[in-house]
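None of these values were measured; they are calculated from a predicted model.
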Amino acid sequence: MLSNKTDNPSSAAYERVAVSLKSLVDLAQTAGSLKLHRWSIRSRQTGGYVSRSKGRGMEFDEARLYQPGDDIRSIDWRVTARTGKTHTKLFREERERPVFIAVDKRMAMQFATRGVFKSVQAAKLAGLLAWTAQQHGDRIGGQIFSDSTCMEMKPQHGRHAVLRFFHSLVQTGEGHPVEFNFELGLARLSQHARPGSLIYIISDFRGLESNAEHHLRRLAQHNDVVLIQVYDPLESSLPSGGHFRLTDSRRDVVIDTRDRDRLSDYQQRFNARCRYLENLAKKFRMTFIQCSTVQDPVQSLR
């Protein structure tokens with residue numbers, strides 16, 4: 001397994017285990033060759049999206065007295081309760097689409113046998129998506145979570161929003177203390193994401209179980225959601241014919257891959273998780289992308 005220690009932070013080895021702010025900033029030029037996943041854009045000008053996106057595509061402007069013919073779904077119940085008279089919410093066309101990028105920085109992501117750490121690959125994918133969104137005139141926000149913290153950033157427009165997001169990506173230990181699990185993370189994300197948003201969730205998806213599915217369904221009902229699974233080649237297939245020692249610097253595990261039944265069971269477990277994610281994506285009309293630690297993240301997004 002790759003070590004996460006180095007005496008020279010500027011070395012190539014460091015860039016394989018930890019992402020730097022400079023490396024994320026340098027992705028701006030590369031991101032220029034990408035489009036925002038599947039959702040077509042007519043131009044780089046404001047309001048250039050075709051009607052594929054879900055939700056209102058609108059943001060709240062003001063409340064006025066209810067008039068016959070108003071959509072009852074737009075009733076502002078808070079103002080109605082406060083004034084005693086029925087009020088309707090008025091919306092104006094949203095000029096920039098909110099893009100949320102959720103990035104997994106848990107301990108399980110600090111791993112690789114080849115290429116870069118899963119956490120580094122996740123950060124590069126997030127960096128490319130953030131620059132692409134900024135270049136298309138969208139607002140960038142996100143969620144960065146670890147085993148003990150979760151940080152949310154409201155979407156803002158411009159280069160400053162991208163750099164703020166990158167700063168949070170390279171920092172450790174920041175955010176609100178919380179015992180994170182996917183159910184909680186998705187619940188928090190569904191509270192922050194406005195209808196009509198484009199949401200990317202970048203993770204290895206360890207710990208995503210059926211009890212979190214209703215939060216994904218809620219997100220996908222009013223937003224376009226893309227699941228990006230980051231994995232190491234060793235997680236998909238073990239090398240055959242030998243003893244292999246794995247360590248996270250605290251625990252050691254020795255695997256005997258000469259046992260064909262164990263080898264087959266290991267691979268079937270990974271394939272089952274991939275099928276589970278694929279089926280979730282189909283069920284809730286989301287998009288599922290895979291990217292290994294040895295792949296070019298640009299090609300994976302294309």
Side-chain angles (χ1 to χ4, degrees), residues 1-2 16 37-38 101-126 128-129 145 147 180-183 185-186 189 199-217 219-220 224-248 251-302:
M1 187 182 77
L2 292 175
R16 296 168 68 191
H37 196 52
R38 296 193 322 180
I101 307 172
V103 184
D104 186 349
K105 287 184 64 176
R106 294 176 298 164
M107 280 299 298
M109 295 289 288
Q110 315 300 315
F111 175 83
T113 58
R114 282 170 279 174
V116 298
F117 268 25
K118 290 191 289 183
S119 57
V120 173
Q121 193 75 309
K124 288 182 176 180
L125 289 162
L128 289 166
L129 294 170
F145 56 87
D147 293 288
F180 181 85
N181 57 60
F182 258 107
E183 184 175 11
L186 292 175
L189 188 58
I199 301 173
Y200 294 95
I201 304 175
I202 309 172
S203 173
D204 61 4
F205 294 100
R206 289 177 178 268
L208 177 62
E209 305 296 344
S210 58
N211 57 354
E213 287 186 18
H214 67 284
H215 295 298
L216 272 179
R217 181 176 66 250
L219 280 171
D224 291 316
V225 181
V226 182
L227 307 180
I228 304 179
Q229 182 191 26
V230 181
Y231 68 95
D232 182 78
L234 186 70
E235 293 177 301
S236 62
S237 179
L238 288 171
S240 59
H243 285 79
F244 297 91
R245 175 176 171 267
L246 303 176
T247 180
D248 61 1
R251 295 169 297 177
D252 291 353
V253 176
V254 177
I255 301 176
D256 183 1
T257 61
R258 292 174 298 183
D259 186 335
R260 291 188 177 182
D261 290 338
R262 175 175 292 183
L263 202 64
S264 176
D265 179 67
Y266 182 93
Q267 189 162 349
Q268 287 177 12
R269 286 173 181 267
F270 178 81
N271 292 338
R273 173 147 296 275
C274 293
R275 286 195 301 270
Y276 172 65
L277 292 171
E278 288 175 356
N279 290 335
L280 269 184
K282 291 178 181 178
K283 182 178 180 180
F284 300 139
R285 299 186 66 184
M286 302 181 294
T287 298
F288 178 55
I289 299 174
Q290 289 181 301
C291 181
S292 80
T293 56
V294 296
Q295 283 181 280
D296 178 0
V298 175
Q299 294 301 322
S300 296
L301 293 177
R302 281 177 178 163

>> Between K283 and E213, does the side-chain contact (heavy atoms from CB on, under 4.5 Å) criterion hold? Intermediate values first, please.
In response: CA-CA 10 Å; K283 182 178 180 180; E213 287 186 18; 3.5 Å; yes
>> Could you go through C274 and Q290, starting from their C-alpha distance and side-chain angles, then the distance that decides it, and tell me whether this counts as side-chain contact (heavy atoms from CB on, under 4.5 Å)?
In response: CA-CA 9 Å; C274 293; Q290 289 181 301; 3.1 Å; yes
>> side-chain contact (heavy atoms from CB on, under 4.5 Å) for I201 and I228? Distances and angles first, verdict last.
In response: CA-CA 6 Å; I201 304 175; I228 304 179; over 6 Å; no
> When you look at L234 and F111, which way does the side-chain contact (heavy atoms from CB on, under 4.5 Å) test go after all the steps?
Replying inline: CA-CA 10 Å; L234 186 70; F111 175 83; 4.1 Å; yes
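Looking at every heavy atom in both residues, M286 comes nearest to L216 through SD-CD2, 4.1 Å. Scanning all heavy atoms of the two residues, the minimum distance from A212 to L186 falls at O-CD1, 3.8 Å. Counting all heavy atoms, side chain and backbone alike, L208 lies closest to Y276 at O-CE2, 3.6 Å. The two residues G115 and R16 come nearest to each other via the heavy atoms O-NE, 3.2 Å. Of all heavy-atom pairs between A220 and F284, the closest is CB-O, 3.4 Å. Minimum interatomic distance between L189 and A102 (heavy atoms only, all atoms of both residues): CD2-CB, 4.3 Å.
With respect to D204 and R106, a salt bridge is recorded, a charged nitrogen being found less than 4.0 Å from a carboxylate O. At a threshold of 4.0 Å, the pair E235-R206 counts as salt-bridged, since one of the basic side-chain nitrogens sits closer than that to a carboxylate oxygen.
Side-chain contact check for K124 versus V116: some heavy-atom pair is nearer than 4.5 Å. Proximity of E183 to H214: side-chain heavy atoms (C-beta onward) are separated by under 4.5 Å at one or more points. A heavy-atom distance below 4.5 Å is not found between the side chains of K105 and S119.
Checked against side-chain contact (heavy atoms from CB on, under 4.5 Å), R269 has the following partners two or more places apart in sequence or in another chain: D265.
In this structure, CG in L129 is found 5.5 Å from CD1 in I202, a value given to the nearest 0.5 Å. The structure places CG of L125 at 13.5 Å from NZ of K118, a figure rounded to the nearest 0.5 Å. Separating the OH atom in Y200 from the OG1 atom in T287 is a distance of 8.5 Å, to the nearest 0.5 Å. Expressed to the nearest 0.5 Å, how far CG of L277 lies from OG of S203 amounts to 9.0 Å. The CZ atom of R285 sits 15.5 Å away from the CZ atom of R217 when rounded to the nearest 0.5 Å. Rounding to the nearest 0.5 Å places CZ of R275 at 11.5 Å from CZ of F288.
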Side-chain donor-acceptor pairs of residues 295-302 under 3.5 Å, sequence neighbours excluded:
from: Q295; atom 1: OE1; to: S292; atom 2: N; distance (Å): 2.7
from: D296; atom 1: OD1; to: V298; atom 2: N; distance (Å): 3.0
from: S300; atom 1: OG; to: D296; atom 2: O; distance (Å): 3.4
from: R302; atom 1: NH2; to: S33; atom 2: OG; distance (Å): 2.7

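Between the side chains of T293 and Q121, no donor-acceptor pair is found at a separation under 3.5 Å.
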